[in-house]
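Residue numbers count from 1 along this sequence.
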Amino acid sequence: MIIESIEIENFRNYEKTYIEFDKNTNIFYGDNAQGKTNVLEAVFLSGTTKSHKGSKDSEIVRFGQTDAYIRSNFIKNDVAYKVNMQLRFSKKKSISINGENLKKAAQLLGLVNIVFFSPEDLSIIKSGPSERRRFIDLELCQLDKGYLFNLTNYNKIVNQRNKLLKSMDNNYSLKDTIDVWDEQLKFYGTERSEERR
């Protein structure tokens with residue numbers, strides 16, 4: 001896979017810039033707080049739909065603007081891809097690949113495989129296991145759509161089951177449905193564990 005170029009507009013501190021990458025090694029250097037990491041963040045976003053910092057889209061859009069744009073060109077298996085991403089201050093992002101709009105942002109995962117290490121990633125070592133799970137989940141989601149499907153369903157079921165447990169305080173008859181959620185949780189949890197192994 002080769003990242004050929006990226007164009008960013010109203011992204012963090014950039015009004016507009018275009019960068020062509022060498023197919024081998026690229027080195028960014030300069031003074032602190034000039035936007036080197038912002039370029040890398042834009043590349044990461046264009047492959048994973050998320051910021052490595054966990055930032056919301058509204059925090060990424062340049063101050064005073066309503067939209068930011070990332071336009072990337074990739075080559076994978078000798079096929080050219082153009083990824084356009086519009087980050088909106090108050091709405092969800094829109095993404096297209098070669099001019100075709102994606103219904104879900106998750107459809108982008110796997111097109112470009114990116115591993116990004118930054119000083120913030122020391123939390124993988126220093127923090128608890130949830131940070132390590134988050135990191136592994138993000139990498140596996142890029143490699144395996146089945147893993148993404150199982151992870152998404154697992155997280156939905158955990159949230160719905162937790163809501164059910166809270167609702168049982170007011171309506172104890174809901175207790176009869178907890179087994180259904182437990183079975184689904186067990187199924188997707190087992191699938192996830194197997195795929196991680």
Side-chain angles (χ1 to χ4, degrees), residues 1-12 14 16-21 23 26 28 35-62 65-118 120-121 124 131-157 159 188 191-192 195-196:
M1 183 206 73
I2 297 169
I3 303 170
E4 290 189 306
S5 65
I6 192 162
E7 180 183 357
I8 51 180
E9 185 179 339
N10 295 327
F11 184 90
R12 298 270 187 206
Y14 287 98
K16 190 168 187 176
T17 196
Y18 175 80
I19 300 168
E20 285 187 11
F21 297 102
K23 66 179 182 179
N26 296 271
F28 294 93
K36 299 181 298 292
T37 304
N38 293 346
V39 171
L40 298 176
E41 180 181 24
V43 171
F44 187 76
L45 249 162
S46 66
T48 65
T49 76
K50 306 266 186 226
S51 165
H52 72 286
K53 297 178 181 179
S55 301
K56 298 175 184 172
D57 290 352
S58 59
E59 297 167 354
I60 294 170
V61 175
R62 191 167 177 253
Q65 303 297 316
T66 56
D67 300 77
Y69 300 89
I70 304 170
R71 298 172 190 99
S72 327
N73 292 297
F74 304 98
I75 295 179
K76 183 174 183 179
N77 300 327
D78 297 322
V79 178
Y81 294 95
K82 183 173 181 74
V83 176
N84 288 334
M85 185 176 293
Q86 180 181 11
L87 307 168
R88 299 172 175 142
F89 189 79
S90 57
K91 297 179 185 175
K92 70 178 192 169
K93 66 177 67 74
S94 66
I95 304 168
S96 69
I97 300 174
N98 295 338
E100 187 176 325
N101 292 329
L102 302 184
K103 292 178 183 174
K104 295 180 180 178
Q107 290 175 281
L108 179 64
L109 290 174
L111 177 65
V112 182
N113 302 115
I114 298 174
V115 178
F116 187 106
F117 287 106
S118 70
E120 291 90 358
D121 289 323
I124 295 169
E131 278 299 310
R132 290 186 284 283
R133 281 193 299 269
R134 184 192 64 76
F135 178 78
I136 289 170
D137 284 343
L138 181 58
E139 302 313 316
L140 289 175
C141 285
Q142 292 184 72
L143 298 173
D144 186 351
K145 298 270 186 193
Y147 185 83
L148 174 62
F149 177 80
N150 288 330
L151 177 65
T152 302
N153 282 320
Y154 179 84
N155 289 334
K156 282 181 186 175
I157 291 163
N159 289 333
Y188 287 111
E191 291 290 312
R192 211 173 95 184
E195 289 166 337
R196 275 187 183 161

Passing option when Leu140 is tested against Arg192, Glu195, Arg196 for side chain to side chain contact (heavy atoms under 4.5 Å, CB included) | Arg196
For the side chain of [X] and the backbone of [Y], is there at least one donor-acceptor N/O pair under 3.5 Å apart?
| X | Y | value |
| --- | --- | --- |
| Lys82 | Ser96 | no |
| Arg132 | Ile124 | yes |
| Lys93 | Lys50 | no |
| Asp67 | Arg88 | no |
| Asn77 | Val79 | no |
| Lys76 | Leu111 | yes |

Can you check whether [X] reaches [Y] side chain to side chain, under 4.5 Å on heavy atoms?
| X | Y | value |
| --- | --- | --- |
| Arg12 | Ile60 | yes |
| Leu45 | Leu87 | yes |
| Tyr14 | Val39 | yes |
| Lys23 | Ile75 | no |

Atom of Asn113, atom of Met1 and distance for their closest heavy-atom approach | N-SD, 3.9 Å
Which heavy-atom pair separates Leu148 from Cys141 by the least distance, and what is that distance?
->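 Distance-wise, the nearest heavy atoms are CD1-SG, 3.6 Å.
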Nearest 0.5 Å please: distance from the CG atom of Leu138 over to the CG atom of Leu109.
-> 7.5 Å
Got a second to check how far Arg71's CZ is from Asn84's CG, nearest 0.5 Å?
-> 6.0 Å
Would you indicate whether Lys36, at its atom NZ, is surrounded by more than 12 heavy atoms from other residues, nucleotides or ligands within a distance under 6.0 Å?
->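 Yes, enclosed.
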Considering residues, nucleotides and ligands other than Phe89, do more than 12 of their heavy atoms fall under 6.0 Å from its CZ?
-> no
By side chain to side chain contact (heavy atoms under 4.5 Å, CB included) - contacts of Lys56 (at least two apart) = Ser58, Glu59
Are Glu7 and Lys16 ion-paired here, with the side-chain N under 4.0 Å from a carboxylate O?
-> yes
Note: Arg134-Glu131 ion pair, threshold 4.0 Å (strictly below) | yes
Side chains of Tyr188 and Asn155: do they bring a donor and an acceptor to under 3.5 Å?
-> no
